[in-house]
Structure formats: structure tokens, C-alpha cells
Amino acid sequence: MKKNPKHCPLCEEGNLREEQEEIQITYKNKLISVQTKHSICDCCEVEQLTKEQARQNKRASIAAKKQAEGLLTGKEVQALRKKLNLDQDEAAKLFGGGPKAFSKYENDDVMQSEAMDNLMRIALKRPDTLEILKKKGESNPKAKKYINSFASTITELGVQTAKTIDTYCYASKSSQTQAYGY
């Protein structure tokens with residue numbers, strides 16, 4: 001016999017009602033707001049979390065942290081990936097991060113690195129970047145090991161350099177070939 005999920009598992013007499021609450025958390029010395037959910041028993045009045053509420057609260061917290069960091073939110077990652085005409089597996093193969101990375105980024109289960117975020121933004125603004133990643137994966141059997149070299153370079157050079165690369169993206173084809181060897 002299946003238990004009623006709205007029945008209180010503590011007192012076994014009352015029913016649970018879901019409530020939402022906006023809480024403030026401190027993240028990297030910033031106060032950020034997070035919408036959370038919990039249940040309250042109408043009999044014993046004990047607050048408790050269902051597994052689904054705990055998952056939703058974790059995702060809401062990560063989404064708020066992404067926003068505080070200036071990273072793409074899960075919905076933005078999904079929109080970017082779709083605009084690039086990639087499914088989650090293709091995006092993971094091109095950008096790296098593991099086989100389930102984009103599912104986790106899009107569901108706000110994990111925060112993508114700043115380098116990954118920059119690489120995704122650059123690929124959207126510079127379609128040739130995506131083509132370079134695709135060609136590198138096709139022509140090099142060890143590409144999986146090296147596919148994230150561009151992201152690593154951005155990390156090493158820093159965010160300001162990535163912004164500079166993005167700003168000065170109109171270099172001639174010959175200077176791009178000379179600079180990048182492609």
C-alpha cells in the first residue's frame with residue numbers, strides 16, 4: 001500500500017501543506033535571495049522537506065549563486081545550446097565537462113566554471129569558434145583530452161582577456177590563422 005505523500009510521516013495524523021518562502025543567504029559576502037519551499041503539518045505544525053522540495057531548493061540556491069557570479073543561468077545555458085543547434089551530448093563533447101554536464105548546468109544542479117561560461121558565450125558570438133571545436137574533434141583521435149584547451153587558456157589568461165578576445169573578434173582571416181594556427 002502506497003503512503004499518501006501529503007500525510008505527515010511524523011505524527012501520522014495531519015496533512016502536509018506546501019509553503020514558499022524567500023530567504024536571504026550570504027554568498028561570497030553578498031546577500032542573495034532564494035525562493036524556497038517546505039511543508040507544514042496541519043496537526044503537529046512541524047516544518048519538513050520532501051525530497052522534491054529539497055531538490056528544488058538546492059536548484060534555486062545554485063541558480064541564485066550563478067546569477068550573483070554573473071554566470072549563465074540554467075535556462076540561459078539551455079537557450080544558448082539550442083541556439084547553437086546542439087543537443088546536450090553534442091554540447092558536452094564539444095565544450096567538455098563530462099557526459100551529463102549540460103543536463104546539470106541546465107537544471108541548475110551544478111555551477112559551470114567561469115571558463116566554461118566564457119567559452120559558451122564566445123561560441124555563441126563567434127560561430128567560427130564552434131566550427132574550430134568541431135573540426136578539432138573530428139580530426140584528432142585524442143581530441144577529448146584536448147577539446148577544453150581553449151577553456152583552459154581563458155582560465156589562465158583571465159576574464160579580462162576573454163572580454164578582450166570577444167571585443168576584438170573582427171581580426172582578418174590571415175591574422176587569425178597566424179595567431180591560432182588554424
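Values below: every heavy atom of this structure, side chains too, minus hydrogens, waters and symmetry copies.
- Linking Ile, Leu, Val, Met, Phe, Trp and Tyr residues whenever their side-chain heavy atoms come within less than 4.5 Å leaves Leu72 and Met111 in two separate clusters.
- Looking only at distances, no side-chain donor or acceptor of Asp42 sits under 3.5 Å from a matching main-chain atom of Gly14.
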ask   = Passes side chain to side chain contact (heavy atoms under 4.5 Å, CB included), Cys8 versus Cys43? Steps please.
value = CA-CA 8 Å; Cys8 180; Cys43 184; over 6 Å; no

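- Shown here for Gly96 and Phe102, the closest heavy-atom pair between the two residues is O-CE1, 4.2 Å.
- The CD atom of Gln20 sits 10.0 Å away from atom NE2 of His38, with the distance rounded to the nearest 0.5 Å.
- Put simply, OG1 on Thr73 and CD on Gln78 are 10.0 Å apart, with the number rounded to the nearest 0.5 Å.
- Note: Ile122 CD1 to Asp117 CG = 10.0 Å, rounded to the nearest 0.5 Å.
- Scanning both residues, Leu16 and Ser39, for their nearest heavy atoms gives CB-CB, 4.0 Å.
- Salt-bridge annotation for Lys37 and Glu52: absent, with no side-chain N of the basic residue lying under 4.0 Å from a carboxylate O of the acidic one.
- To the nearest 0.5 Å, the span separating CG on Leu94 from CG on Leu84 amounts to 9.0 Å.
- Both Leu71 and Ile25 sit in one connected hydrophobic cluster of ILVMFWY residues. Membership requires side-chain heavy atoms under 4.5 Å apart, directly or through other members.
- Shown here is Gln67, whose CD atom has no more than 12 heavy atoms of other residues, nucleotides or ligands within 6.0 Å.
- The hydrophobic cluster containing Ile32 also contains Ile23, counting ILVMFWY residues as joined when their side-chain heavy atoms lie under 4.5 angstrom apart, directly or transitively.
- Taking all atoms of both residues into account, the shortest heavy-atom contact from Cys41 to Gln48 is CB-NE2, 4.3 Å.
- The minimum heavy-atom distance between Gly70 and Arg121, with the atom names listed, is O-NH2, 3.1 Å.
- Considering CD of Gln56 and CD of Glu18, their distance stands at 6.5 Å, rounded to 0.5 Å.
- Taking every heavy atom of both residues into account, Ala123 and Thr129 meet most closely at CA-CB, 4.2 Å.
- Residues Lys28 and Glu69 meet the side-chain proximity criterion, which asks for heavy atoms closer than 4.5 Å.
- The distance from the NZ atom of Lys134 to the CD atom of Glu90 is 7.0 Å, given to the nearest 0.5 Å.
- Side chains of Val46 and Cys11 form no contact here, defined as non-hydrogen atoms less than 4.5 Å apart.
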Side-chain donor-acceptor distances from residues 58-66 under 3.5 Å, at least two apart:
unit_1: Lys58; atom_1: NZ; unit_2: Asp109; atom_2: O; d: 3.4
unit_1: Arg59; atom_1: NE; unit_2: Asn107; atom_2: O; d: 3.3
unit_1: Arg59; atom_1: NE; unit_2: Asp109; atom_2: OD1; d: 2.7
unit_1: Arg59; atom_1: NH2; unit_2: Asp109; atom_2: OD1; d: 3.4
unit_1: Arg59; atom_1: NH2; unit_2: Asp109; atom_2: OD2; d: 3.3
unit_1: Lys66; atom_1: NZ; unit_2: Tyr105; atom_2: O; d: 2.7
unit_1: Lys66; atom_1: NZ; unit_2: Asp108; atom_2: OD1; d: 2.9
unit_1: Lys66; atom_1: NZ; unit_2: Gln112; atom_2: OE1; d: 3.3

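- Heavy-atom neighbours of Gln24 CD from other residues, nucleotides or ligands within 6.0 Å: above the threshold of 12.
- Closest non-hydrogen pair, Glu22 versus Ser33, comes out as OE2-OG, 3.3 Å.
- Taken together through direct or relayed side-chain contacts under 4.5 Å among Ile, Leu, Val, Met, Phe, Trp and Tyr, Leu80 and Val110 form part of one hydrophobic cluster.
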